[in-house]
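In what follows, a structure is listed as structure tokens, so that the remarks can point back to it.
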Amino acid sequence: MKYRHLGRTGIQVSELSLGSWITFNNQVDVDAAVEIMAAAYEAGVNFFDNAEAYARGQSEEVMGAALKKLGWRRGSYLVTTKIYWGLNDGINEKNTLNRKRLIEAISGSLERLQLDYVDVLYCHRPDRNTPILETVWAMHNIIEWGQAMYWGTSEWSAAEIVQAIEIAERHHLHGPVVEQPVYNLFERQRFSGEYVRFYTEYGYGSTTFSPLSSGLLTGKYNAGIPQDSRAGTTKMDWLQASVTDKNNLAKVQALESIAKELDCSLAQLSLAWCLKNPFVSSVITGASRVEQVHENMQASEIAPKITPELLERIDKVFGVHLEEDGD
Ligand SMILES: NC(=O)c1ccc[n+]([C@@H]2O[C@H](COP(=O)([O-])OP(=O)(O)OC[C@H]3O[C@@H](n4cnc5c(N)ncnc54)[C@H](OP(=O)(O)O)[C@@H]3O)[C@@H](O)[C@H]2O)c1
């Protein structure tokens, strides 16, 4: 495993990390979580991602119980969580980053995770109805109180991130240090466009999510939707359209010859492609079973084998050269 600095912070994160969205509590119980997290940790993963909203708090409970069973030294790993959607429907309790909610929410997350602090607390989405100054102050206080070490943003616009950084600088507060954006072969525009200036000008870190586009990039949907897959589980109708889309599947199939040349799986190639981007601090992977962790963690060894020529061929498969040239 290789480690990269989380932006300009002194913290180093494994370039491949593990998150719990959809999986923990739904597909993965505490015992399976222990097995999956142990496999990741043994491969060198030191960064585990969660969110208050995942399985309505129960994903944090599963991770907390698993961590307790695993008994690792707290200094040897990082846990991150995210706040925004909330767990209740009250007027001040959902889709918000107001001060009251943030301060109440972090206590709930820490209780479920059975931790004294998280390493990064993300604002899971921007809240356009709360002044950014109010959010920055609350996140600053949470850090000052020792409940989080750093804070970050997720899917905020470039303008909102700059505003938060500048407000923090102006008031001498702890500002955000990392963004959590989507980044994979299908969805790369924002990360490779709008966000680039944060990495170059502000040294902002990035922990990217859905590197396999929810499994589409593993090729597992090429012959339909397997019942035991993410798109095959209940309440996943929103995902079914993209994993059965003919254009998407044609791209995945075209990638196969490149994976064969590199003697790796489609999952490994797709993860390795994310790792090639120097602005990525950590690629957050997801896994519903331990075999996937074993397979995915080998992507670190594939990344150095992807030459500029191969990158160009991959871009062609995904039509990137056509869009950029305006052909
Ligand atoms: N900030 C945000 O808004 C946000 C949003 C989404 C995710 N995230 C974070 O990013 C993490 C990763 O996102 P993600 O789960 O969407 O990642 P992903 O890599 O796109 O999808 C992971 C899923 O793909 C399947 N899979 C993974 N490896 C495989 C392999 N080798 N072979 C076959 N199938 C494989 C598994 O699902 P099945 O086995 O069930 O098919 C697995 O749960 C999340 O856990 C979360 O921490 C953050």
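Order of appearance sets the numbers: ligands from 1, and atoms from 1 within every ligand. Everything numeric here is computed off the predicted structure, so don't read it as measured data.
On a distance-only criterion, W21 and ligand 1 share at least one N/O pair closer than 3.5 Å. Taking distance alone, with nitrogen or oxygen atoms compared against 3.5 Å, S213 approaches ligand 1 more closely than that limit.
Looking only at heavy atoms of the protein, atom 39 (O) of ligand 1 is closest to S288 OG, 2.6 Å. Regarding atom 40 (O) of ligand 1, its nearest protein heavy-atom neighbour is Q27 NE2, 2.7 Å. The protein heavy-atom contact nearest to atom 23 (C) of ligand 1 is R230 NH2, 3.5 Å. Here the protein heavy atom with the shortest distance to atom 41 (O) of ligand 1 is K220 NZ, 2.7 Å. The nearest protein atom to atom 2 (C) of ligand 1, hydrogens excluded, is given as F209 CE2, 3.3 Å; this is a heavy-atom distance. Closest protein heavy atom to atom 18 (P) of ligand 1: L212 N, 3.7 Å. Nearest non-hydrogen protein atom to atom 32 (N) of ligand 1 is T218 CG2, 3.8 Å. The shortest contact between atom 1 (N) of ligand 1 and any protein heavy atom is with S154 OG, 2.8 Å.
Under 4.0 angstrom from ligand 1, the non-hydrogen atoms of A287 all belong to its backbone. Under 4.0 angstrom from ligand 1, there are no non-hydrogen atoms of A231. Only backbone heavy atoms of T285 (N, CA, C or O) come within less than 4.0 Å of ligand 1; its side chain stays farther off. At a heavy-atom distance under 4.0 Å, atoms from both the backbone and the side chain of P211 approach ligand 1.
For the side chain to side chain contact (heavy atoms under 4.5 Å, CB included) with E256, the qualifying choice from L266, V317, L269 is L266, the only one to do so. When each of E60, E52, H124 is paired with T81, the side-chain hydrogen bond (donor to acceptor under 3.5 Å, both in side chains) condition holds for E60 and for no other. Of the candidates N50, D49, D119, D49 is the only one forming a side-chain hydrogen bond (donor to acceptor under 3.5 Å, both in side chains) with T80.
Stacking of R4 on the aromatic ring of F279 is not recorded, the 6.0 Å distance cut-off and the 45° axial limit not both being met.
Comparing heavy-atom distances from atom 27 (C) of ligand 1 across S20, S210, G286 singles out G286 as nearest. Across the listed options E291, R125, K82, R125 owns the non-hydrogen atom lying nearest to atom 3 (O) of ligand 1. With H294, M297, Q292 as candidates, the residue nearest to atom 26 (N) of ligand 1 on a non-hydrogen basis is Q292. Distances from atom 12 (C) of ligand 1 to the heavy atoms of T80, T233, I284 show the closest one on I284.
Taking the centre of each ring, W72 and Y41 come in below the 6.0 Å mark.
Atom CG of residue L110 and atom CG of residue L121 lie 8.5 Å apart, to the nearest 0.5 angstrom. Rounded to the nearest 0.5 Å, atoms CD1 (I258) and SG (C264) are 10.0 Å apart. How far CG of D245 is from CZ of F186: 8.0 Å, rounded to the nearest 0.5 Å.
At least one side-chain heavy atom of D31 sits less than 4.5 Å from a side-chain heavy atom of K69. Two residues are said to be in side-chain contact when any heavy atoms from C-beta on lie closer than 4.5 Å; Q12 and F47 fail this criterion. The closest side-chain heavy-atom distance from N184 to L217 is below 4.5 Å.
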Dump the intermediate steps for side chain to side chain donor-acceptor pair (under 3.5 Å) on T207 and S282, then the final yes or no.
CA-CA 5 Å; T207 55; S282 185; over 6 Å; no
Apply ring-ring contact (aromatic ring centres under 6.0 Å, His included) to residues Y195 and Y183 and explain how you reach the verdict.
CA-CA 11 Å; Y195 283 161; Y183 184 57; over 10 Å; no
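Residue-ligand proximity: Q268 is placed with every non-hydrogen atom at 4.0 Å or more from ligand 1. For the pair Q180 and ligand 1, a heavy-atom separation below 4.0 Å is found. Judged by the shortest distance from any of its heavy atoms, T23 lies inside the 4.0 Å radius around the atoms of ligand 1. Ligand 1 is approached by Y54 to a heavy-atom distance shorter than 4.0 Å.
Close approach of ligand 1 to G19 (heavy-atom distance below 4.0 Å) involves ligand atoms 45 (O), 47 (O). Of all the atoms in ligand 1, the ones that sit under 4.0 Å from a non-hydrogen atom of H124 are 1 (N), 2 (C), 3 (O). Of all the atoms in ligand 1, the ones that sit under 4.0 Å from a non-hydrogen atom of R289 are 39 (O). In summary, the atoms of ligand 1 found under 4.0 Å from a heavy atom of A267, numbered by their order in the structure, are 31 (N). Atoms of ligand 1 found under 4.0 Å from any heavy atom of G215, numbered from 1 in the order shown, are 21 (O), 24 (O). Atoms of ligand 1 lying under 4.0 Å from at least one heavy atom of E295, given by number and element, are 31 (N).
Under the 3.5 Å distance criterion, with hydrogens and angles disregarded, no donor-acceptor pair is assigned to the side chains of R101 and T96. Between the side chains of E295 and S265, at least one donor N or O lies within less than 3.5 Å of an accepting N or O. No side-chain donor from either of K94 and Y84 sits under 3.5 Å from a side-chain acceptor of the other.
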